[in-house]
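Take a look at the structure below.
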Amino acid sequence: MRTALFNWIFSRQQGGQFLLRIDDTDQQRNLQDALQPILDGFRWLGIDWDEGPEVGGPHAPYFQSQRKDRHCQAVQRLLDAGAAYRDFARPEEIQAEREAAEREQRSFCYSRRWMAEDDGQAARLAAEGRQAVVRLKMPRSGTCQFHDLVRGEVEVAWASEQDHVIQRADGSCLYHLASVVDDHQMQITHVIRAVEHLSNTPRQLFIAQSLGYDPPVFAHLPFVAEPGSANKLSKRKLQQYMKQPDFRRLYAHGERIVQTLGLAEPVETFNPVLVDFYRQVGYLPAALNNYLLLLGWSLDDRREDFSRQAMIEHFSLERINRAPARFDPQKLLAIEERYMRALSWEDKLALVLPYLERAGWLSPPIDEAVRSRVGAIVQAAGDRIKVAGDILDYGDFFTPDDRLAYDPAAWQKRLVKPPGAADLLARFRNALAAAETFEPAALEQRMQEFVAAEEIQLGQIIHAVRVAVTGKAVGFGLFETLAILGPTRCLARIDRALEQLATPPE
RNA sequence: GCCCCCUUCGUCUAGUGGCCCAGGACACCGGAUUCUCAGUCCGGGAACAGGGGUUCGACUCCCCUAGGGGGUACCA
């Protein structure tokens with residue numbers, strides 16, 4: 001995903017085109033199932049492609065599996081040019097050579113014993129019942145040099161390269177061949193990809209050269225490492241990451257939201273290693289983009305905030321760090337919070353309403369009254385809503401008064417244990433009932449007067465009221481809370497709490 | 001085994017020979033504000049993997065060692 005983002009930013013910056021090609025040579029898995037979430041993720045992040053699946057374009061098709069003919073033609077040209085040969089070795093024969101090399105502690109280099117350079121040899125070997133694959137006839141001396149936009153000059157001895165197979169006996173082509181051919185035919189100028197491909201580059205360059213292509217410019221990005229280790233981050237290692245505290249918290253936070261929504265979470269995509277997790281939970285795409293940008297890239301020693309426009313303006317491949325960057329859930333959340341804080345309450349309201357609907361706490365026709373009430377909640381929540389789904393932490397505003405659940409610890413601490421707490425609450429209830437305005441400031445004034453008259457500390461009553469009215473020990477400012485609930489509901493809730501205090505359950 | 005790559009606070013990073021007894025951000029620890037929580041403000045601890053060179057001077061250049069990673073496929 002980060003790789004895609006970097007590609008996207010780079011193409012936008014250069015005024016180029018961003019092509020999406022699916023390299024699905026030899027893919028037996030259900031591609032569509034794997035592809036759709038990825039495309040959705042791109043779109044959610046605002047990464048759009050100029051050509052590719054679902055949008056088409058002049059270089060179609062964009063699935064490698066549909067370009068087989070072109071690949072085969074290229075193989076034939078390679079054969080004709082003497083840059084490749086038909087190899088009739090049996091797999092076990094290759095394996096034997098490989099093992100021999102290993103025993104002698106030298107690097108493996110195919111003897112080319114079953115190489116057929118002309119039709120006569122080929123016919124003879126075929127007569128033995130052998131089948132041929134096509135291998136690259138790689139140079140065995142000299143060095144391969146190229147300039148990588150991230151790594152600088154790269155130099156590799158040709159001798160350390162193998163005669164890679166580019167076409168199987170059944171005629172199907174392998175990725176390296178296919179991608180070089182496709183890159184050329186699609187007029188790709190820049191290939192920005194993960195470091196795993198760095199060591200593949202020489203053979204691809206060899207193919208390109210042999211075919212007379214002008215190769216693209218390469219930029220190899222370091223991988224993203226797991227939290228707490230230097231290994232490559234993988235979506236398949238979720239269980240292992242759950243042992244890491246920060247990662248666990250990130251997951252648990254999302255899980256709480258999804259569970260409140262009552263979604264049967266599809267385990268496949270509910271994974272903090274995949275973008276869909278953040279979409280479901282209600283992160284801001286801009287925040288995720290910003291975090292991803294900073295994973296391995298920086299502008300200088302102070303600037304961290306980058307809007308899409310700023311990314312396009314300032315990004316450069318040269319400033320990508322060559323060492324892998326670790327995925328840090330805390331930093332991601334911090335950036336998300338920063339973006340959230342910058343939003344107006346109206347913006348947050350818009351983000352939050354769908355969550356309330358999906359949770360079933362609001363029913364579809366959202367009228368002005370509902371909007372202003374939820375608006376008041378969002379304003380009172382202030383910075384407490386870090387991701388859109390956090391609104392679900394404040395369900396007590398949406399539960400019917402007679403179904404409010406009380407947090408047992410808070411109930412004990414604030415209403416049962418303090419001597420006279422119930423009586424105090426009852427008297428404050430009456431003071432509240434007499435209130436003519438229900439504005440936060442007026443309510444605070446009222447409570448101050450109450451505290452003075454009772455000769456008590458503010459803390460002796462305020463927490464008791466919060467528990468009675470929200471069921472929880474923590475929440476917004478109490479006076480905002482009371483104002484949002486309004487006189488009727490406040491009194492109903494206090495009365496209910498008083499009742500339950502008077503008749504403790506057995 | 002062989003080839004290639006990487007290595008600054010816990011984390012992301014700034015630093016391209018003197019501006020650095022190393023700067024910022026997140027996290028952490030104090031303290032302040034206070035009705036809880038969130039936030040905000042102020043303060044604090046925290047790093048150049050190790051060893052050799054080169055140089056008047058190395059985080060910065062060279063070599064070695066260690067650690068980590070990738071590749072070594074009829075995977076992508």
Side-chain angles (χ1 to χ4, degrees), chain A residues 22-28 64 87 89 91 94-95 98 101-109 131-135 148 151 154-157 159-162 164-170 172-176 178-179 193-202 220 222-223 225 227-232 246 291 294-305 319 321-335 337-338 341 381-386 390 393 410 413-414 444 447 451 457-467 470 472-479 481:
Chain A
I22 312 304
D23 289 354
D24 59 346
T25 48
D26 192 49
Q27 198 79 265
Q28 354 346 38
Q64 206 157 58
D87 177 41
I94 295 286
Q95 189 54 33
R98 197 168 260 131
E102 204 166 315
R103 267 196 307 279
E104 291 160 39
Q105 302 218 324
R106 57 176 171 80
S107 50
F108 165 69
C109 179
Q131 290 197 307
V133 297
V134 177
R135 285 182 184 276
D148 183 293
R151 325 226 130 214
V154 179
E155 217 180 284
V156 191
S160 64
E161 287 290 315
Q162 303 299 319
H164 301 279
V165 173
I166 53 174
Q167 187 174 38
R168 300 187 183 91
D170 66 4
S172 62
C173 294
L174 277 89
Y175 161 78
H176 297 296
S179 74
R193 40 140 69 156
V195 249
E196 292 91 295
H197 290 284
L198 183 61
S199 54
N200 298 333
T201 309
H220 288 98
F223 57 83
S229 103
N231 292 89
K232 187 182 160 185
D246 292 338
Y291 176 71
L294 262 18
L295 256 188
W297 180 87
S298 69
L299 178 66
D300 55 28
D301 62 343
R302 44 198 69 252
R303 181 149 178 201
E304 279 199 333
D305 285 303
R319 289 200 61 85
N321 214 295
R322 283 193 281 270
R326 236 170 285 256
F327 171 61
D328 180 1
Q330 287 187 328
K331 182 86 178 194
L332 168 59
L333 226 217
I335 290 178
E337 287 178 33
R338 202 180 294 162
R341 225 175 293 145
D383 299 329
R384 293 173 184 83
I385 298 175
K386 324 267 195 214
D390 281 340
D393 282 342
K413 183 176 178 191
R414 299 302 189 187
E444 178 161 16
M447 185 173 272
V451 162
Q457 295 294 307
L458 185 64
Q460 288 174 262
I461 181 66
I462 199 162
H463 298 114
V465 175
R466 174 175 286 109
V467 175
T470 69
K472 294 181 197 155
V474 301
F476 307 157
L478 180 68
F479 308 109
T481 303

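Naming convention: chains lettered A, B, ... in sequence-line order (proteins, then strands); numbering from 1 in each chain.
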TODO: Select base, sugar-phosphate, or nothing to describe what P227(A) touches, counting heavy atoms under 4.0 Å on all strands.
DONE: nothing
- [ ] Indicate for each nucleotide in nucleotides 7-23 of chain B, in 5' to 3' sequence, whether protein heavy atoms under 4.0 Å reach the base (B), only the sugar-phosphate (S), or nothing (-).
- [x] S---SSSSS-------B
TODO: For G69(B), take OP1 and OP2 only and decide whether either is under 4.0 Å from a side-chain N or O of N231(A).
DONE: yes
- [ ] Would you indicate which nucleotide in C35(B), A76(B), C37(B) comes nearest to any side-chain atom of V474(A)?
- [x] C37(B)
Task: Atom CD of E196(A) with >12 non-hydrogen neighbours under 6.0 angstrom - done: yes
Open item on the list: Measuring to OP1 and OP2 of A25(B), would you say a side-chain N or O of R303(A) lies under 4.0 angstrom away?
Closed with: no
TODO: Report the nucleotide, chosen from G69(B), C74(B), U72(B), that has the shortest atom-to-atom distance to any side-chain atom of R168(A).
DONE: C74(B)
Task: Rounded P spacing from G51(B) to U72(B) in Å - done: 36 Å
Task: Enclosure of E104(A) CD (heavy-atom neighbours >12, cutoff 6.0 Å) - done: yes
Open item on the list: Using OP1 and OP2 only, check whether a side-chain N or O of R341(A) sits under 4.0 Å from U40(B).
Closed with: yes
TODO: Check whether any side-chain heavy atom of P227(A) sits under 4.5 Å from a side-chain heavy atom of R326(A), and report yes or no.
DONE: no
Task: C1'-based separation of U13(B) from C20(B) [nearest Å] - done: 16 Å
Task: Heavy-atom side-chain contact between I94(A) and D87(A) under 4.5 Å - done: yes
TODO: Could you label the plane-to-plane angle of the H176(A) and H164(A) rings as parallel, tilted or perpendicular, counting under 30° as parallel and over 60° as perpendicular?
DONE: tilted
Taking only N/O atoms, report every protein-nucleotides 41-49 of chain B pair under 3.5 Å with atom names and distance.
none

TODO: Spell out yes or no: do the side chain of D24(A) and the base of A76(B) have one donor N/O and one acceptor N/O closer than 3.5 Å?
DONE: no
Open item on the list: Applying the 5.5 Å / 30° rule, does H197(A) stack onto the base of A76(B)?
Closed with: yes
Open item on the list: If we count only N and O atoms by modelled type, under 3.5 Å, do the side chains of R168(A) and S172(A) hold a donor and an acceptor together?
Closed with: yes
Open item on the list: Taking A22(B) as the reference, what is the distance to A46(B) when you measure between their C1' atoms (whole Å, please)?
Closed with: 13 Å
Open item on the list: Of the listed nucleotides (G39(B), C74(B), A76(B)), which one gets closest to any side-chain atom of R135(A)?
Closed with: C74(B)
